Amino acid sequence: MNDRKFSGRRLNRRQLLMLGAGAVGATALASCSGGGSSTAPTGGATGIPGVDPLQLAAELPGVRYPENYVGPKLRDVQPFHDGSKTFKVVVQRDAQVIGDWNTNAFSRWLEEKTGMKVEYEAVLVRDANGGLDMTRINAMIASGDMPDAFLNIPFTNDQISLYGSQGAFVAVDDLIETYAPQMREALENYPQRKRVVTARDGRMYQFRGINDCYHCHVMPGRIWVNQRYLDAVGAEIPTTTDEFREMLRLLKENDPTPGKNIIPLAAGTQPVDTWIMNAFLYNPGGTASGGWMRVNDGAVEFVADLPEWREGLRFMRSLTEDGTIGRELFTTTGDDFLKAGNQGRLGVARALFWGQFIDIDYSEGAAWRDYVSIPPLKGPDGIQFTPWDYYLSNTAMPPLVITSACENPELLVQWGDAMMSLEGTTAAFSGIQGENWGWADETMTGFDGRQAVWYQDAWPPPEGTGWSQQSPMYRSHDYLIGLAATAERPTFESDLYQATLEYEPCAPPIESVLQPVLFDEAGAAEQAQIAASVHSHVTQSFAKFTTGELDINDDGAWQGYVEQFEAMGMTRYLELYQAAYDEQAG
Amino acid sequence: MKETAGDRAVHTVTIAILAFFSLSVAYPLIYVLSSSFSSADAINSGAVRLLPVDANVDAYQTILDSSFLMVGLRNSILYAVGGALLGTALTLLAGYALSRADLPFRRFLTFFFLIPTLLTAGIIPTYMVVRQLGLLDTPWAVILPGAMSVFNMIITRTFYQITVPRELLEAARMDGANDLQFFVRMALPLSKSIIAVNMLFYGIAQWNGWFNAFLYLSDPALHPLQLVLREILAQSSVDPSQLGGGDVTEIIRRKELFDRLKYAVIVVAMIPPLLVYPLVQRHFVKGALIGSLK
């Protein structure tokens, strides 16, 4: 671990913290640093020497769990601190759900349950387009204006890894072993989570919960079709690419829309390739920060220049020739997509969920209910995949990052663990128990029809009572689908759960899915640059080949497309990924 | 006098062109205004084209009811007025002094003022200065950094050089006025137009500004309107793929709030500048244009 850096001279606390590992256990303890052990040969966390690991508190009655329930259970959590110290935690501002962090009902609940006094400083980290704007955070770090911890500040894993190994953030893996029994249990149930939260040096610099949201696994790969329009033209939900093509043709020819102005297939802002290409090969899809990578027998592989990709483009081209799609498939903005949906013009909509293309509410007979998901299509060669994100790398799972300015990181770890409890997780999410949520009675059932664990009346809870999804949480699969879904308490989550069931069987084997990998500082810069040009080349060419601007049947055009990747540095790009994968996978 | 066919043609073409430009300026304003009185459903289905559809004042009611928007409005007015007064005072003092030919080290001082226009410290050093002065989370952090613009100061200096000639100063001296009396009783009354222009520049800059508040303020009770709007905008456009279970409902809720509010909020944010511009506009010719000659 960090032993190489340890020179043997006496270190002050700050330097020790910078080493993170606290190379000499005794000194580390005396100065209450990040702790650690110099005797861990493999990098596995061993806990704080000389301290008995805390165990899960006794279970309390009053909650019904379904059979074989895996997740947090109601336990007797007691305060562990006398409130003599005040911790400063930087959080994201959220006026609409959380309000003032310092007077929020969950903040008060947490203080009562743990005894920890925390002063919250809320900052803005997003720009007007919803993108990241970390100017304030960077200014704080660079000017030494460090809080005790950052909660749910969207650092990338690369940044956390880098700042951690530089000593700005405290390693929490040993602290978790000793002070965080609920987190320990969660990581045992979700062993693959460790890969995502471990830094390049093998340590863990973030206390990050679990949010095993079932439909989020497949969010980027879904597509919806209007069942009512299908019935009107006498078509069925397609199962193969050929049937899909035929269905679009039927929709186009026997236009079932009230205004006779159907758009058979529209996509808004969602990429089309992430969905259709999976009928030709496993394609995880990509963004400007990377993607289109999978693992083939241990080797990282780029998918957008393979012969199967070309077959997929040929299929798209055939839709253009049918006249069922046009340039608008790639040029529609999110607003126009929504307008078209609300005007009832959409046959098939490529979107993460209904709300992107149509106004939704819970009323019976609402127009969005006509749109049902199309299960993954089977391609001409029998290929039938769906992108399936085993690592939930895009799902909200707020990291708690403890900084080197914190004198008692073990207390913050215990604080985080209290939020991972069943009560903490639910109260942070749903607000005040008894007012907005409670434990389910025996009549309530979850999304899968089994006994529900909890119910809630409304989400988000009234302003100022919950923390939205900004706490370290332990929302296991069973916990999430254990939310009561009844007629009085409808939830879109249940509809999304149902819409995901038919996708799961088409998930690729986990070995072929590239886990999120970390790069060093230079590698990250290089990767970002190449990824951006790869992204624009793949998406632009996809549109050009589809619309016929480039001829997919012309070998020269295809060859030019493939060679362009080489010029962008594809060899180096794959090398970077392969090295990171070999280092971090497994 | 009878118009010739040629005159008429010229008039028609001129009117057509001017009408086209007026419409292209007016239409977005009218659209925003109409949308602010329409229902979110009507906006989302593209039904609003010129006049309000399902006319209502819900959006304005929401703004009046939401404490954070009203607080933002109050703060914005405070910062705009405070920034305008402080900025104008500093600009007049510096600009007038530098306009006087008998000021010692005048060239050096002018150059000194120009340095920060060529070199700026960047975000992090400025943040450190603001922090160490203890200004974080105070209204001063918004008003003080960049309180005076060197560009405005130069315009003001040139204005004084032109409109307050040396002869006037000499005449006042003959009557026994000292420097302070001359500035207060002669120079200031002569420079109403440049004062108005400065007030407008600084006031609008503060009204539109959000960055200082974004960087230095954590307390939402101090946030100006623009930052509050930015936050609403940011939260309504979060990528749904970044979010997990339960969020679908939240996205919808935020989008609804945003759809309901966005146009009304634009109208509210637009009103003060719209009110002030016509009042100050006539001073532009005298103030800014003369001042910027040299």
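Convention: sequence-line order gives letters A, B, ...; per-chain numbering from 1. The structure displayed is predicted, hence computed values, not measured ones.
Put simply, of A/Gln456, A/Glu121, A/Met397, the one with the most heavy-atom pairs under 4.5 Å next to chain B is A/Glu121. Most heavy-atom pairs under 4.5 Å with chain B: of the set A/Thr135, A/Val123, A/Val90, A/Asp336, this distinction falls to A/Thr135. If you tally non-hydrogen atom pairs under 4.5 Å between each of A/Asp100, A/Asp145, A/Asp335, A/Asp133 and chain B, the highest count goes to A/Asp145.
A/Asn138 touches chain B through its backbone: at least one of N, CA, C or O sits under 4.5 Å from a heavy atom, while the side chain does not. With a 4.5 angstrom heavy-atom cutoff, B/Tyr216 touches chain A only via backbone atoms. Looking at A/Asp359, the atoms closer than 4.5 Å to chain B (heavy atoms on both sides) all sit in the side chain, from C-beta outward. For B/Leu136, the part lying under 4.5 angstrom from a heavy atom of chain A is the side chain only.
Across A/Ser143 and B/Met128, no two heavy atoms sit closer than the pair CB-CG, 3.1 Å. Nearest heavy atoms, B/Ile124 versus A/Ala139: CG1-CA, 3.9 Å.
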Side chain to side chain contact (heavy atoms under 4.5 Å, CB included) evaluation trace for B/Glu231 with A/Arg126: CA-CA 8 Å; B/Glu231 195 192 338; A/Arg126 297 210 172 267; over 6 Å; no
Audit row: A/Asp127, B/Arg230, side chain to side chain contact (heavy atoms under 4.5 Å, CB included) steps and yes/no: CA-CA 7 Å; A/Asp127 66 19; B/Arg230 203 177 144 84; 3.5 Å; yes
B/Tyr127/A/Arg136 under side chain to side chain contact (heavy atoms under 4.5 Å, CB included): CA gap, chis, key distance, verdict: CA-CA 9 Å; B/Tyr127 182 86; A/Arg136 174 74 189 265; 3.7 Å; yes
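Heavy-atom neighbours of B/Tyr277 OH from other residues, nucleotides or ligands within 6.0 Å: at or below the threshold of 12.
With rounding to the nearest 0.5 angstrom, the CG atom of B/Leu215 is 10.0 Å from the CE atom of A/Met140.
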